[in-house]
**Q** 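Take this structure first; my questions come after.
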Amino acid sequence: MHNWELLKDADHDTMESLLTDMINDFRKDCDKRNAEKLFRIHWDGDFFSDDYAFAWKHVILNNPDIKFWVYTRVMSAALIIKDISNLSLYYSTDSENTDKAKILSDEHGIKLAYLADTFAMGKEQLLSLVNKTAIPCPENNKKIPLIDKGGSACVKCSQCVVGRNNILFSATKK
């Protein structure tokens with residue numbers, strides 16, 4: 001909520017400055033721990049305005065040593081931040097926004113993160129939507145823990161981090 005309060009009414013330059021400060025702190029923490037610089041944008045939340053998406057675009061472009069990844073349900077944000085080499089972008093898709101997902105996948109090459117009731121349903125629905133396959137999220141599929149002594153599931157799996165494939169998620173984890 002603190003971050004939201006700082007950003008929600010800020011202008012573009014202030015947003016970019018605040019995000020840059022956060023990323024600089026992240027870089028220092030990574031350097032101190034000798035950790036790989038992998039940053040997931042929005043563990044909770046989404047792009048709330050185009051100005052905010054543009055601020056993130058500039059921050060990502062200005063930090064080529066960091067690998068960013070993000071999921072969004074905001075079509076305009078996906079179009080603003082697409083095609084950045086150090087960003088893996090996923091459009092969060094389910095049965096309610098397949099029209100937008102199809103456009104983003106077919107016309108813009110944006111990867112989809114598809115949520116269905118089960119992995120089997122998601123696979124079928126995604127194939128019928130864009131005629132492409134997807135990898136089931138191994139954490140969501142109970143194959144690896146969310147976090148353990150070795151780190152987070154996302155970093156261990158790395159599918160979303162590197163952006164190679166569409167990803168499937170199951171609401172029932174089945």
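Counting begins at 1 with the first residue of the sequence. Not measured: the values here are computed from a predicted model.
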**Q** Apply side-chain contact (heavy atoms from CB on, under 4.5 Å) to residues N140 and L168 and explain how you reach the verdict.
**A** CA-CA 9 Å; N140 185 239; L168 286 177; over 6 Å; no

**Q** Answer with yes or no whether the hydrophobic clustering places I147 together with I144; edges join I, L, V, M, F, W, Y residues whose side-chain heavy atoms lie under 4.5 Å apart.
**A**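 As far as the 4.5 Å side-chain criterion goes, I144 and I147 are not connected within one cluster.
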
**Q** Say you draw a straight line from NZ of K102 to CD of E107; how long is it, rounded to the nearest 0.5 Å?
**A**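 K102 NZ to E107 CD: 9.0 Å, rounded to 0.5 Å.
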
**Q** Would I66 and V155 show up in the same hydrophobic cluster when neighbours are defined by side-chain heavy atoms closer than 4.5 Å?
**A**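 No, I66 and V155 fall in different hydrophobic clusters.
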
**Q** Does a side-chain heavy-atom distance below 4.5 Å link T20 with N62?
**A**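 With C-beta onward as the side chain, the pair stays apart.
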
**Q** Short question: side chain of D83, backbone of H108 - any donor-acceptor pair under 3.5 Å?
**A**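 Here the side-chain-to-backbone pair does not exist.
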
**Q** Does the side chain of C154 reach to within under 4.5 Å of the side chain of E139, using non-hydrogen atoms?
**A**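 With C-beta onward as the side chain, the pair stays apart.
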
**Q** According to a hydrophobic-cluster definition based on side-chain heavy atoms being under 4.5 Å apart (Ile, Leu, Val, Met, Phe, Trp, Tyr only), do I167 and Y114 belong together?
**A**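 Each belongs to a different hydrophobic cluster.
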
**Q** So does K156 have more than 12 non-hydrogen atoms from other groups sitting under 6.0 Å from NZ?
**A**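 Yes - once you tally the heavy atoms of other residues, nucleotides and ligands closer than 6.0 Å, there are more than 12.
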
**Q** For the side chain of D51 and the backbone of H12, is there at least one donor-acceptor N/O pair under 3.5 Å apart?
**A**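 No; zero donor-acceptor contacts below 3.5 Å.
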
**Q** Evaluate the ring planes of W56 and F39, with Trp represented by its six-membered ring, and classify them as parallel (under 30°), tilted (30 to 60°) or perpendicular (over 60°).
**A**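 The arrangement is tilted - the two ring planes meet at 30° to 60°.
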
**Q** Taking the side chain as every heavy atom from C-beta outward, state whether K67 and K37 have any atom pair closer than 4.5 Å.
**A**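 No, side chains not in contact.
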
**Q** Is the shortest side-chain heavy-atom distance between L61 and L87 below 4.5 Å?
**A**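 Not touching, per the 4.5 Å side-chain cut-off.
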
**Q** If you group Ile, Leu, Val, Met, Phe, Trp and Tyr by side-chain heavy-atom gaps below 4.5 Å, do Y71 and W4 land in one group?
**A**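 In one cluster with Y71: W4, no.
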
**Q** Would you say R40 and C160 make side-chain contact, with heavy atoms under 4.5 Å?
**A**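 Result no, sub-4.5 Å side-chain heavy-atom pair not found.
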
**Q** Given D65 and R27, is the side-chain contact (heavy atoms from CB on, under 4.5 Å) satisfied, shown in steps?
**A** CA-CA 9 Å; D65 61 318; R27 178 183 286 102; 2.8 Å; yes

**Q** Side-chain contact, heavy-atom cut-off 4.5 Å: I103 with M75?
**A**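 They are in side-chain contact.
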
**Q** Would you find a donor on one side and an acceptor on the other, under 3.5 Å apart, between the side chain of S17 and the backbone of D13?
**A**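 Not confirmed, S17 side chain does not pair with D13 backbone.
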
**Q** Are the side chains of T133 and N165 in contact, using a 4.5 Å heavy-atom criterion?
**A**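 No, too far: nothing below the 4.5 Å cut-off.
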
**Q** Does the side chain of T72 pick up a donor-acceptor pair with the side chain of D46 at under 3.5 Å?
**A**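 Yes - a donor-acceptor pair under 3.5 Å links their side chains.
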
**Q** For the side chain of T118 and the backbone of M121, is there at least one donor-acceptor N/O pair under 3.5 Å apart?
**A**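 At least one qualifying donor-acceptor pair exists.
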
**Q** With side chains defined as the heavy atoms from C-beta onward, is the minimum distance between E16 and V59 less than 4.5 Å?
**A**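 They are in side-chain contact.
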
**Q** Give, for atom CG of L104 and atom CG of L79, the distance between the pair rounded to the nearest 0.5 Å.
**A**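 Separation between the atoms: 5.5 Å.
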
**Q** Quick check against the 3.5 Å criterion: does D94 have a side-chain atom that pairs as donor or acceptor with the backbone of E96?
**A**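 Flag set: sc D94 to bb E96 pair under 3.5 Å.
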
**Q** Testing Y52, Y90, W69 one by one against H42 for a ring-ring contact (aromatic ring centres under 6.0 Å, His included), which residue passes?
**A**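 With H42 as partner, ring-ring contact (aromatic ring centres under 6.0 Å, His included) holds for just one option, Y52.
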
**Q** Please test F68 against V70 for side-chain contact (heavy atoms from CB on, under 4.5 Å), starting from the C-alpha separation and ending with a verdict.
**A** CA-CA 7 Å; F68 294 87; V70 68; over 6 Å; no

**Q** Side-chain heavy atoms nearer than 4.5 Å, only ILVMFWY residues, links allowed to pass through others: does that put M22 and L38 together?
**A**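 No, M22 does not connect to L38 through the hydrophobic network.
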
**Q** Decide side-chain contact (heavy atoms from CB on, under 4.5 Å) for R164 and S158; before the verdict, give the C-alpha distance in whole Å, the side-chain angles of both, and the deciding distance to 0.1 Å.
**A** CA-CA 9 Å; R164 282 190 286 255; S158 79; 4.0 Å; yes

